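Reviewing the structure listed below.
Keep in mind that what you see is a predicted model, and the values were worked out from it rather than measured.
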Amino acid sequence: MTGKRVLLHVGCPKTGTSHLQDVLFRNQAVLREHGIDYPADRFDAHFLAALDLMTLPWGGLETQAVGAWDRLAEQVRKWPGTSIVSHEIFARATPTQVARAMASFGDAEVHVVVSARDLVRQIPAEWQENVKHRSHVTWARFLDQIRDPHRATKIGSWFWAVQEVPDILQRWGSSLPPERVHVVTVPPAGAPRDELWRRFSATFGLDDLPLDLTAERANPSLGVPETALLRTINERVTSVVAPPDYRPLVREVLAHQTLSRRTSTARLALDPETHQWAQDLSRAWADELERRGYTVQGDLTDLLGPAPAPYVDPDDVATDDLLPPALDAISALLVEGARLRAVEEQLRADLDEVRAELDRTRAGLSHRVRSKAVRTLEDSAAGRGALDVYRRVRGRSSRSA
């Protein structure tokens with residue numbers, strides 16, 4: 001791709017976005033050498049820009065986001081070549097917010113990119129993501145809320161704002177010709193591991209660039225008993241564990257680093273009736289996208305999803321099935337507790353050493369001050385007399401003691 005362009009990736013969540021953004025962030029220098037800028041001074045810079053653009057509250061992070069969108073847009077305007085902006089929650093933007101975003105890029109040629117996955121996999125993934133963000137809503141309640149035709153609930157309104165692909169493309173792409181609106185479909189299960197990256201690479205003009213594709217940030221999935229256990233934990237801890245503590249201890253240590261490694265348990269799936277409903281809706285979406293004539297990387301039939309899988313209700317997991325992941329969770333927290341104790345002990349030792357050094361410094365300073373005072377007094381007869389009196393008095397005090 002040549003000329004001044006903006007490739008604006010606006011969703012959807014759970015479509016490989018974490019890996020894409022990680023690769024872009026870590027390869028910024030290489031990208032710039034080839035005329036492509038991913039303007040980010042921290043890995044979550046585009047997330048903060050999205051929060052700012054849409055004035056979204058997000059556990060206090062919104063205070064860090066003030067002005068982030070304008071700073072990002074200014075960097076894009078200054079870059080003479082192709083700029084890439086990417087975050088999945090841009091999918092939620094209102095038409096007014098979309099208009100502001102488009103105008104802020106100046107005279108650049110804007111392309112909108114949406115990565116999309118079938119609802120059969122997206123619905124369970126979105127519920128699990130809610131659970132990994134402290135929610136303890138049951139699976140049944142979650143399904144009721146997203147299937148509510150009025151979309152009156154917080155969960156339902158958020159889900160469709162970031163997952164209803166035709167609507168997202170209409171909001172973001174209505175001012176653009178179809179050839180500048182791109183759909184990247186997530187390949188079905190069983191596809192080559194690099195197939196999704198190949199599709200992203202072709203869309204963003206990254207083919208043949210010497211990029212480091214090593215995964216450093218990921219958002220792994222959990223099985224049925226593991227998600228059920230995490231939801232139960234949330235019921236007990238969300239009122240006593242603050243969000244800044246929840247993320248490193250529960251989301252990272254328990255969910256990502258421990259429970260996600262249990263890969264032999266049942267995977268989350270839809271019950272037969274919900275599966276059929278999701279496929280029917282996805283089929284209607286695929287037909288609509290084909291009619292609009294967007295540029296597609298992949299195949300719109302990917303949006304139909306897999307055949308029905310064995311269904312295990314995550315609201316009705318037997319206690320015996322919860323025990324193994326629970327033991328793994330306890331072990332992980334004990335190891336983390338031991339690690340933190342070691343860090344605490346090291347910090348205490350470091351603090352003691354700093355205090356001792358300060359005491360030595362003060363003692364040395366006091367000695368130098370006294371020595372200077374004595375030398376000053378010895379320079380005069382009156383001073384020498386005063387010193388002599390002081391020494392005799394101090395000597396008698398020492399003998400009497």
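When side chains are defined from C-beta on, D315 does not count as touching F142, because their heavy atoms never get closer than 4.5 Å. When side chains are defined from C-beta on, H136 does not count as touching I233, because their heavy atoms never get closer than 4.5 Å. The closest side-chain heavy-atom distance from C12 to E88 is not below 4.5 Å. Side-chain contact between V184 and F200 is present, with heavy atoms from C-beta onward closer than 4.5 Å. Under the 4.5 Å side-chain criterion, counting only non-hydrogen atoms from C-beta, I123 is in contact with F159. The shortest side-chain heavy-atom distance between H19 and L196 does not fall under the 4.5 Å cut-off. Contact of the E109 side chain with the V6 side chain is not registered, since no non-hydrogen atoms from C-beta on lie closer than 4.5 Å. Looking at heavy atoms from C-beta onward, W158 lies out of side-chain contact with T153 at the 4.5 angstrom threshold.
For the side chain to side chain contact (heavy atoms under 4.5 Å, CB included) with E226, the qualifying choice from L229, V224, L230, L222 is L222, the only one to do so. The side chain to side chain contact (heavy atoms under 4.5 Å, CB included) test with T82 is passed by exactly one of L31, V76, I36: I36.
Ionic pairing of E126 and R121 is not present here: no N-O contact between side-chain nitrogen and carboxylate oxygen is shorter than 4.0 angstrom. Using a 4.0 Å cut-off between a side-chain N of Lys or Arg and a carboxylate O of Asp or Glu, E273 and R147 qualify as a salt bridge. Ion pairing between R77 and E74 fails under the 4.0 Å rule for side-chain N and carboxylate O. Salt bridge status for R199 with D302: present, with a side-chain N to carboxylate O gap under 4.0 Å. A salt bridge between D107 and K4 is absent, with no side-chain N of the basic residue lying under 4.0 Å from a carboxylate O of the acidic one. Salt-bridge check for R171 with D167: passed, with a basic side-chain N closer than 4.0 Å to an acidic carboxylate O. A salt bridge links R26 with D22; the closest basic N to acidic carboxylate O contact falls under 4.0 Å.
The neighbour count for D208 CG, taken as heavy atoms of other residues, nucleotides or ligands under 6.0 Å away, does not exceed 12. In this structure, E235 places its CD atom where more than 12 heavy-atom neighbours from other residues, nucleotides or ligands lie under 6.0 Å away.
Without hydrogens or angle criteria, E129 side chain to P124 main chain gives no donor-acceptor distance under 3.5 Å. At least one donor-acceptor pair under 3.5 Å links the side chain of Q97 to the backbone N or O of T94. A donor-acceptor distance shorter than 3.5 angstrom exists from the side chain of Q122 to the backbone of P13, with no hydrogens or angles considered. With hydrogens and angles ignored, the 3.5 Å screen pairs a side-chain donor or acceptor of W160 with a backbone N or O of I146. The main-chain N or O of W58 is found under 3.5 Å from a side-chain atom of E62 such that the two form a donor-acceptor pair. W139 places no side-chain N or O within 3.5 Å of a backbone atom of L268 that could act as its donor or acceptor partner. With hydrogens and angles disregarded, a donor-acceptor distance shorter than 3.5 Å links the side chain of S104 to the backbone of A101. Checking side-chain atoms of N234 against main-chain N and O of V131 turns up a donor-acceptor pair under 3.5 Å. Between the T232 side chain and the A228 main chain, a donor and an acceptor come within less than 3.5 Å of each other. Remark: the backbone N or O of D207 is paired with a side-chain donor or acceptor of S201 at under 3.5 angstrom.
In the model, T185 has no side-chain atom that pairs as donor or acceptor with a side-chain atom of Q297 under 3.5 Å. Side chains of T295 and E179: no donor on one and acceptor on the other come within 3.5 Å. In summary, the side chains of S115 and R117 do not present any donor paired with an acceptor at a separation below 3.5 Å, with no hydrogens or angles considered. Donor-acceptor pairing under 3.5 Å is lacking for the side chains of D37 and S83. In summary, the side chains of H111 and H182 do present a donor paired with an acceptor at a separation below 3.5 Å, with no hydrogens or angles considered. Side-chain contact, R42 with Q64: a donor N or O sits under 3.5 Å from an acceptor N or O. Between the side chains of D350 and Q346, at least one donor N or O lies within less than 3.5 Å of an accepting N or O.
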T265 vs R267, side-chain hydrogen bond (donor to acceptor under 3.5 Å, both in side chains): CA-CA, chis, key distance, verdict: CA-CA 6 Å; T265 55; R267 300 289 98 181; 3.2 Å; yes

Test log, rule salt bridge (charged side-chain N to carboxylate O under 4.0 Å, His left out), inputs R348 and E345: CA-CA 5 Å; R348 185 176 289 111; E345 289 298 322; 2.9 Å; yes

Verdict with reasoning, Y311 to H275, per ring-ring contact (aromatic ring centres under 6.0 Å, His included): CA-CA 10 Å; Y311 177 67; H275 185 281; over 10 Å; no

Residues D70, R100; criterion salt bridge (charged side-chain N to carboxylate O under 4.0 Å, His left out); working and verdict: CA-CA 10 Å; D70 288 338; R100 178 193 168 196; 3.0 Å; yes

Worked check of salt bridge (charged side-chain N to carboxylate O under 4.0 Å, His left out) between E344 and R339: CA-CA 9 Å; E344 182 182 4; R339 185 189 71 81; over 6 Å; no

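Aromatic ring orientation, H87 versus F47: tilted (interplanar angle from 30° to 60°). Taking the six-membered ring for Trp and thresholds of 30 and 60 degrees, H46 and Y38 have ring planes inclined between 30 and 60 degrees apart.
Atom CZ of R5 sits about 8.5 Å away from atom CZ of R180, to the nearest 0.5 Å. Atom-to-atom distance recorded for Y246:OH and E252:CD is 10.5 Å, nearest 0.5 angstrom. Atoms CG and CH2, on L303 and W285 in that order, are 8.5 Å from each other to the nearest 0.5 Å. Here the CG atom belonging to L209 is positioned 5.0 Å from the NE2 atom belonging to H34, to the nearest 0.5 angstrom. F43 contributes atom CZ, which lies 14.5 Å from atom CG of L24 (distance to the nearest 0.5 angstrom). The structure places CG of D118 at 8.0 Å from CG of L304, a figure rounded to the nearest 0.5 Å.
A40 and Q28 make their closest contact through O-NE2, 2.8 Å (heavy atoms, listed as atom of the first residue, atom of the second, distance). Between W172 and A93 the shortest heavy-atom distance is CZ2-CB, 3.5 Å. When all heavy atoms of L300 and A286 are compared, the closest pair comes out as CD1-O, 3.6 Å. Contact record, P166 with L289: CA-CD2, 4.1 Å, taken as the closest heavy-atom pair. Annotation for V296 and D299: closest pair CG1-N, 4.3 Å, computed over non-hydrogen atoms. Shown here for A49 and L72, the closest heavy-atom pair between the two residues is CB-CD2, 3.6 Å.
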Let me have the donor-acceptor pairs involving side chains of residues 319-335, under 3.5 Å, with sequence neighbours excluded, atom names and distances please.
unit_1, atom_1, unit_2, atom_2, d
D328, OD2, R262, NH1, 3.0
S331, OG, L327, O, 3.0

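Residues satisfying the ring-ring contact (aromatic ring centres under 6.0 Å, His included) criterion with W69, sequence neighbours excluded, are F90, F105.
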